[in-house]
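Just below is one structure, and these are the notes that go with it.
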There are 2 protein chains.
Amino acid sequence: MAISTRFSVGIHILSLIATDEKMTSDLIAGSVNTNPVVIRKIMSMLKKAELIEVRPGVAGARLARPLSTITLLDVYQAVAVVPDKELFGVHAAPNPDCPVGRNIQSTVTPIFELAQSALEKVLAHVTLDDIVSEIEQKEASSS
Amino acid sequence: MAISTRFSVGIHILSLIATDEKMTSDLIAGSVNTNPVVIRKIMSMLKKAELIEVRPGVAGARLARPLSTITLLDVYQAVAVVPDKELFGVHAAPNPDCPVGRNIQSTVTPIFELAQSALEKVLAHVTLDDIVSEIEQKEASSS
DNA sequence: ATTACATGTAACCAATATAGTTACAAATAA
DNA sequence: TTATTTGTAACTATATTGGTTACATGTAAT
């Protein structure tokens with residue numbers, strides 16, 4: 001199955017907040033094209049991860065850190081698209097009486113970790129600043 | 001959500017077939033520790049991907065290609081753990097009237113593709129031969 | 001040819017995740 | 001005090017996963 005769209009929505013939300021701190025969950029929902037509660041739930045995750053600051057009753061949110069210090073990996077982990085350190089599922093109880101069964105997990109796991117960290121490395125090298133700049137550039141060149 | 005264990009089970013199945021062509025789905029299920037039908041369904045995918053040759057009624061299966069030419073990426077794609085070319089889901093209909101909304105998809109997609117192909121590259125560099133050799137080595141050193 | 005055994009599927013089930021929705025409490029600001 | 005907003009609980013529909021039963025079909029060996 002594909003990785004949840006919470007990730008791309010999270011990036012979308014943060015990009016909006018970066019350009020306008022008075023974005024309410026209703027306005028953001030309008031841009032993402034979904035329900036405001038979906039937005040609030042994802043914002044709640046971003047808040048727990050200390051990427052944004054939000055307060056009940058007061059409209060909008062602020063970035064908790066400078067744009068250039070927030071990586072896509074931070075967002076990816078914040079919205080919990082994947083159980084920590086286990087992008088790849090491994091079948092749990094292979095037969096210890098079989099040579100393959102008793103070695104498959106320890107053989108396959110380090111490779112999965114390599115693949116996972118290769119993916120995360122790419123995400124870690126892109127910041128929200130890159131995203132926002134890219135969007136601004138596209139806007140500028142299309143006008 | 002984690003990537004389906006069909007992947008690790010697929011590797012397990014192929015490793016067993018590599019070491020013994022007379023492995024029935026019952027025997028394999030015993031080693032994987034699951035139901036034989038689960039095994040047959042995954043083997044059906046491996047067959048469609050032309051990684052193995054199986055015939056109805058006749059016990060066991062054969063590798064369709066040499067061990068060293070089957071990569072983990074081949075297995076990964078064979079068991080369809082991920083919708084083709086879309087490891088990362090992207091929210092479908094952002095608002096075109098918003099600067100962020102109308103650019104988020106085209107900004108984020110190429111990065112997602114980079115991350116995905118970094119992951120796939122790791123899988124493509126490991127062959128089933130590597131896996132089986134590793135298992136044999138672990139067996140030898142533990143005796 | 002009959003028997004025994006395998007594969008190949010259809011059809012179902014329980015558990016879980018996703019994305020969306022309604023409803024409402026609590027906090028804030030005007 | 002009123003209007004607005006955040007924060008959640010609770011619920012829904014849908015889809016995927018992993019497992020299971022049941023059974024038709026194919027093969028080989030006696």
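Computation of the quantities below employed the complete heavy-atom set of this structure, encompassing side-chain atoms and omitting hydrogens, waters and symmetry-equivalent molecules. Reminder, nothing fancy here: chain letters follow the sequence lines and each chain counts from 1.
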Margin query: Is A/Ser4 close enough to C/dA17 that one of its side-chain N or O atoms is under 4.0 Å from OP1 or OP2 there?
Written below: no
Notebook entry, point to check: Does a nitrogen or oxygen in the side chain of A/Thr34 sit under 4.0 Å from OP1 or OP2 of C/dA19?
Noted result: no
Notebook entry, point to check: When the distance from CD1 of B/Ile39 to P of C/dT7 is rounded to whole Å, what number comes out?
Noted result: 11 Å
Notebook entry, point to check: For B/Ile42 and D/dG19, what is the distance between atoms CD1 and P respectively, to the nearest whole Å?
Noted result: 8 Å
Next item on the list: For A/Glu86 and D/dT17, give me the distance from atom CD to atom P, rounded to whole Å.
Entry: 17 Å
Checklist line | Closest non-hydrogen atom pair, B/Tyr76 against B/Glu120 | finding: CE2-OE2, 4.1 Å
Next item on the list: Please determine which of B/Lys48, B/Arg62, B/Lys47 meets the salt bridge (charged side-chain N to carboxylate O under 4.0 Å, His left out) test together with B/Glu53.
Entry: B/Arg62
Next item on the list: Using atom CE of B/Met1 as one end and atom P of C/dT16 as the other, report the distance to the nearest whole Å.
Entry: 12 Å
Item checked: side-chain N/O B/Lys47 vs C/dG8 OP1/OP2, d < 4.0 Å -> yes
Margin query: Assess, by modelled atom type and distance only, whether the side chains of B/Ser133 and B/Asp130 contain a donor and an acceptor separated by less than 3.5 Å.
Written below: no
Next item on the list: Would you kindly give the CZ-to-C1' distance between A/Phe88 and D/dT17, to the nearest whole Å?
Entry: 17 Å
Note to self: Output the rounded distance in Å from NE2 (B/His91) to P (C/dA19).
What the structure shows: 11 Å
Check: Counting just side-chain N and O atoms, does A/Arg55 come under 4.0 Å of either OP1 or OP2 of C/dA27?
Finding: no
Note to self: Minimum heavy-atom separation for A/Lys138 and B/Ser106, please, with both atom names.
What the structure shows: NZ-OG, 2.8 Å
Checklist line | DNA chain C-proximal residues of residues 15-29 of chain B, any heavy atom under 4.0 Å | finding: B/Thr24, B/Ser25
Check: Could a donor-acceptor pair under 3.5 angstrom be found where the side chain of B/Lys41 meets the base of D/dT20?
Finding: yes
Item checked: Integer-rounded Å distance: C/dA19 P and A/Ile3 CD1 -> 12 Å
Notebook entry, point to check: Picking from A/Ile39, A/Thr34, A/Val38, what satisfies side-chain contact (heavy atoms from CB on, under 4.5 Å) with A/Val9?
Noted result: A/Ile39
Note to self: Under 4.0 Å, counting only non-hydrogen atoms across every strand here, what does A/Val54 touch: a base, just sugar-phosphate, or nothing?
What the structure shows: sugar-phosphate
Note to self: Between A/Thr5 and C/dT18, is there a contact of a side-chain N or O with OP1 or OP2 at under 4.0 Å?
What the structure shows: no
Checklist line | Spacing of B/Arg6 atom CZ relative to D/dT17 atom P, expressed in whole Å | finding: 4 Å
Next item on the list: Would you please confirm or rule out a distance under 4.0 Å between OP1 or OP2 of D/dT8 and any side-chain N or O of A/Ser44?
Entry: yes
Next item on the list: Scan A/Val37 against the nucleic acid and name what it touches under 4.0 Å (heavy atoms): base, sugar-phosphate only, or nothing.
Entry: base
Notebook entry, point to check: Do B/Val132 and B/Ser15 come within less than 4.5 Å of each other through their side chains, counting heavy atoms only?
Noted result: yes
Notebook entry, point to check: Any idea how A/His12 and B/His91 line up, ring-wise: parallel (<30°), tilted (30 to 60°), or perpendicular (>60°)?
Noted result: tilted
